[in-house]
2 protein chains.
Amino acid sequence: MGLSGRKKKILAAVVEEYIRTAEPVGSKTVAQTTDLGCSSATIRNELAELASMGYLEQPHTSAGRVPTPQGYRMYVNELMQRQKLSLEETEEINRSLNEKMRELDKLVSNVGALASSLTNYPAMAIAAPPPATIKRFDLIYIDANTFIIVAMMSNNSVKNKLVHLPVSVGQDMIQRLSSVFNANFTDITEERITPLLIRSTERAVDDTMGLTGVIASFAISILSESQTAEACITGANRLLAQPEFRDPAKAHALMSYLSDAEHLHDLDAIDCGGDVRVLIGPENVAEELRDSSVVLASYDMGGDTKGLIGVVGPTRMDYSAVAAKLSLIARALSERLGGGIAPPPGLDNKLIIKGDINEQ
Amino acid sequence: MGLSGRKKKILAAVVEEYIRTAEPVGSKTVAQTTDLGCSSATIRNELAELASMGYLEQPHTSAGRVPTPQGYRMYVNELMQRQKLSLEETEEINRSLNEKMRELDKLVSNVGALASSLTNYPAMAIAAPPPATIKRFDLIYIDANTFIIVAMMSNNSVKNKLVHLPVSVGQDMIQRLSSVFNANFTDITEERITPLLIRSTERAVDDTMGLTGVIASFAISILSESQTAEACITGANRLLAQPEFRDPAKAHALMSYLSDAEHLHDLDAIDCGGDVRVLIGPENVAEELRDSSVVLASYDMGGDTKGLIGVVGPTRMDYSAVAAKLSLIARALSERLGGGIAPPPGLDNKLIIKGDINEQ
DNA sequence: GCTGGCACTCTCGAACCTCGAGTGCTAATA
DNA sequence: TATTAGCACTCGAGGTTCGAGAGTGCCAGC
């Protein structure tokens with residue numbers, strides 16, 4: 001059953017006013033802030049109906065109205081004007097993203113920090129890589145007791161490790177190890193590196209010093225590391241600025257929940273369908289998030305890798321602004337990272353991302 | 001002017017009771033918890049004197065006594081029994097440190113997390129590296145459009161970067177670049193890499209494609225990165241469990257202050273004199289820390305590098321337990337990292353592995 | 001169907017009260 | 001002289017009362 005045009009306008013006005021002030025909204029206020037030419041008495045009737053339909057509720061008999069989760073949902077789905085970011089904001093985001101791109105390995109936490117400072121809510125960032133394999137090994141001979149392992153991964157990241165040996169090794173041995181590892185350890189997953197494989201490799205290169213084991217365990221560790229999604233939360237302190245968290249017990253409960261990376265991974269399972277996804281209050285699975293809202297956006301990190309940025313706040317959240325900002329960040333990141341081969345990041349390439357998400 | 005034996009006992013009792021309960025301590029309670037054979041009236045007289053000496057204060061006329069910062073200072077300096085950790089606690093710390101040592105590049109944040117979870121206060125960790133230089137460049141030729149830069153640093157860490165080119169490059173060019181960079185860019189600090197040097201290098205290798213610039217800017221970025229101290233704060237949410245931060249405005253102020261890494265660096269300047277350093281309330285320089293306390297311990301990371309771990313909490317902090325735990329962590333870390341001999345962490349082979357895993 | 005009017009309801013804050021913990025002082029005691 | 005018991009006093013925490021104000025629901029009239 002759809003809502004009449006006037007009901008929609010009134011509901012939107014209540015939600016927006018409540019988002020702004022965090023105070024229950026009365027009929028008089030609505031009459032003043034909207035341009036429907038009718039009196040507060042009429043609005044009262046409409047408000048009563050909206051309440052009986054489940055979109056609004058009253059904290060107590062003689063207070064104004066507050067949106068229910070269902071009310072927010074209606075607002076987000078149908079009433080909300082997708083906010084247009086100003087040119088300055090768009091440029092600001094693009095500029096700071098260009099900066100963050102320089103340190104790719106800190107990308108996840110940096111992007112989270114950016115989202116948090118832009119929205120003024122705690123933000124989380126998660127990057128769930130697809131299973132990667134090693135594409136290529138290089139062993140750099142430094143001196144008789146030292147060499148560097150360099151492994152290039154299928155996702156175009158490169159890992160390295162410096163190895164010091166208590167014994168001397170010849171350059172020829174390093175050479176042999178390199179070609180054997182390139183032959184036997186590339187393009188395979190972690191579980192394919194069995195003790196059996198290591199032992200047979202050891203025999204093949206005539207290795208009596210356990211070098212094979214060192215390189216193999218390095219391979220195992222980077223493969224397993226590349227599988228575990230990175231997750232972090234930034235700006236948790238901003239939660240305390242929200243009046244709904246004036247109760248320290250509540251704030252503590254939510255912050256503790258969020259500061260456990262385990263819990264963040266749960267969010268990773270949520271599908272954003274390419275765009276921004278909003279989870280309002282009880283729509284969240286986790287008990288601790290039941291009276292907060294989460295806005296998520298996923299971005300393409302290239303090669304099937306999906307990254308996720310999200311923002312947590314009270315259900316009274318500025319969905320429109322947050323969604324617009326996250327969406328822009330996500331699209332800007334996708335453009336920079338996605339599309340197959342990662343462009344040489346940071347240097348001279350200046351990609352401009354349009355901030356207009358008004359279409360749709 | 002020294003305190004009489006009885007006054008010391010009473011002051012210690014007040015501090016400890018207040019630390020335990022967060023409630024002002026009355027004369028009756030002191031009489032019960034200490035074994036001085038005297039009545040509450042006598043204690044009252046002593047308390048009044050301790051108050052007039054500045055060690056205690058009364059929140060209001062008819063309340064118990066609360067230690068002043070000066071009182072805590074006296075307690076920490078002279079009265080506190082240096083807590084002995086139980087064997088289990090010691091082992092627990094050693095065990096989890098061994099685990100953390102596997103991921104050297106996350107050491108800083110991991111150690112912070114350990115300190116925080118052990119003490120139940122927010123913890124910070126800072127590592128200030130000594131200036132490092134690049135000892136050696138290797139360029140790995142992948143294909144006509146791709147190569148990897150590998151740079152070995154004077155502090156034995158290794159950095160790398162994958163470079164994609166829009167144009168083709170021959171293996172000979174890579175070779176030439178490699179030897180020129182090894183000749184001109186090793187053992188120098190960041191500011192010695194001038195535009196002039198880059199231009200002359202460019203001419204020397206006959207580089208028309210800006211490759212020199214790419215490698216040089218990589219060198220600059222890893223040199224500057226190696227100079228900036230890493231700092232992070234963990235477990236900020238634990239602050240909210242403390243009754244003194246029941247006021248969300250206070251909690252917010254402190255948390256915002258702490259979440260800015262800039263501010264953490266200020267702490268780095270503080271000298272711990274090899275052991276644990278306690279800063280009580282107004283002894284802190286930063287305005288925001290004026291009614292909190294900070295406990296710091298520094299550890300030796302080897303090669304002149306100093307790391308710092310610290311804990312923040314209300315002035316009513318369990319100094320004895322916190323100091324004992326931080327001190328143990330710091331000593332354990334010094335043992336593992338400092339003094340040149342780093343024991344092989346984790347891996348079950350007899351080779352000594354140093355270095356870290358970097359992603360670029 | 002909309003509006004103004006009106007009685008009603010409920011919260012919030014101020015003012016007030018009481019209870020109890022803890023003090024400071026004094027006079028008696030070892 | 002140091003300690004103690006006794007007692008009057010102080011002050012905050014927590015409960016109660018009360019009036020003001022905001023907002024509602026309903027009704028009769030337009």
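This one's a predicted model, so the numbers in the text were calculated from it and none came from an experiment. Chain A is the first sequence line, chain B the second, and so forth, proteins listed ahead of strands; every chain is numbered from 1. Because only heavy atoms are used, hydrogens play no part in the values below, and waters and symmetry mates are left out as well, while side chains stay in.
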(request) Please say whether more than 12 non-hydrogen atoms of neighbouring residues, nucleotides or ligands are located less than 6.0 Å from NZ in Lys28(B). (result)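 Count not over threshold, so no.
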(message) Check this for me: Arg246(A), atom CZ, are more than 12 non-hydrogen atoms of other residues, nucleotides or ligands nearer than 6.0 Å?
(response)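 Not more than 12 within 6.0 Å, no.
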(message) Does anything in residues 63-74 of chain B form a side-chain hydrogen bond (donor to acceptor under 3.5 Å, both in side chains)? List the pairs, not counting sequence neighbours.
(response)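 Qualifying pairs, neighbours excluded: Arg73(B)-Asn77(B), Arg73(B)-Glu283(B).
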(request) In plain terms, say whether Asp35(B) and Lys9(B) are close enough for a salt bridge, that is, a side-chain N and a carboxylate O under 4.0 Å apart. (result)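 Yes, this pair counts.
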How long is the straight-line distance from [atom2] of [Y] back to [atom1] of [X], given to the nearest 0.5 Å?
X	Y	atom1	atom2	value
Thr90(B)	Leu85(B)	OG1	CG	5.0 Å
Ile126(A)	Cys232(A)	CD1	SG	9.0 Å
Leu240(B)	Leu240(A)	CG	CG	5.5 Å

(request) Decide whether Tyr75(A) and Glu16(A) meet the rule of one side-chain donor and one side-chain acceptor closer than 3.5 Å. (result)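 Judged by distance alone, the side chains do pair up.
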(request) Examine the side chains of Ser320(A) and Arg82(A) and answer whether a donor and an acceptor come within less than 3.5 Å of each other. (result)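 Per modelled atom types, Ser320(A) and Arg82(A) side chains form no pair under 3.5 Å.
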(request) Only counting residues at least two apart or in another chain, list the ones meeting side chain to side chain donor-acceptor pair (under 3.5 Å) with His263(B). (result)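 With sequence neighbours excluded, His263(B) shows a side chain to side chain donor-acceptor pair (under 3.5 Å) to no residue whatsoever.
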(message) Can you list, in residue-number order, the parts of residues 5-22 of chain B that come under 4.0 Å of DNA chain D, counting heavy atoms only?
(response)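 Arg6(B) - these, ordered by number, are the residues of the stretch whose heavy atoms sit under 4.0 Å from the strand.
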(request) Please name the pair of heavy atoms, one in Cys38(B) and one in Ile43(B), separated by the smallest distance, quoted to 0.1 Å. (result)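 Heavy-atom minimum between the residues: SG-CD1, 3.9 Å.
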(message) Tell me the closest heavy-atom pair linking Val76(A) and Tyr319(A), and the distance in Å.
(response)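 Looks like CG2-CG, 3.8 Å.
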(message) With a strict under 4.0 Å distance from non-hydrogen atoms of chain B, what nucleotide opens and what nucleotide closes the contacted stretch of DNA chain D, reading 5' to 3'?
(response)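 Nucleotide range with atoms under 4.0 Å of chain B: dT3(D) to dG12(D).
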(message) Expected output is a numbered-order residue list: members of residues 31-40 of chain A with a heavy atom under 4.0 Å from any atom of DNA chain C. What is it?
(response)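 Listed by number, they are Gly37(A), Cys38(A), Ser39(A).
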(request) Between protein and nucleotides 12-30 of chain C, map the contacts as a letter string: B base, S sugar-phosphate only, - none, heavy atoms under 4.0 Å, written 5' to 3'. (result) ---------BSBB------
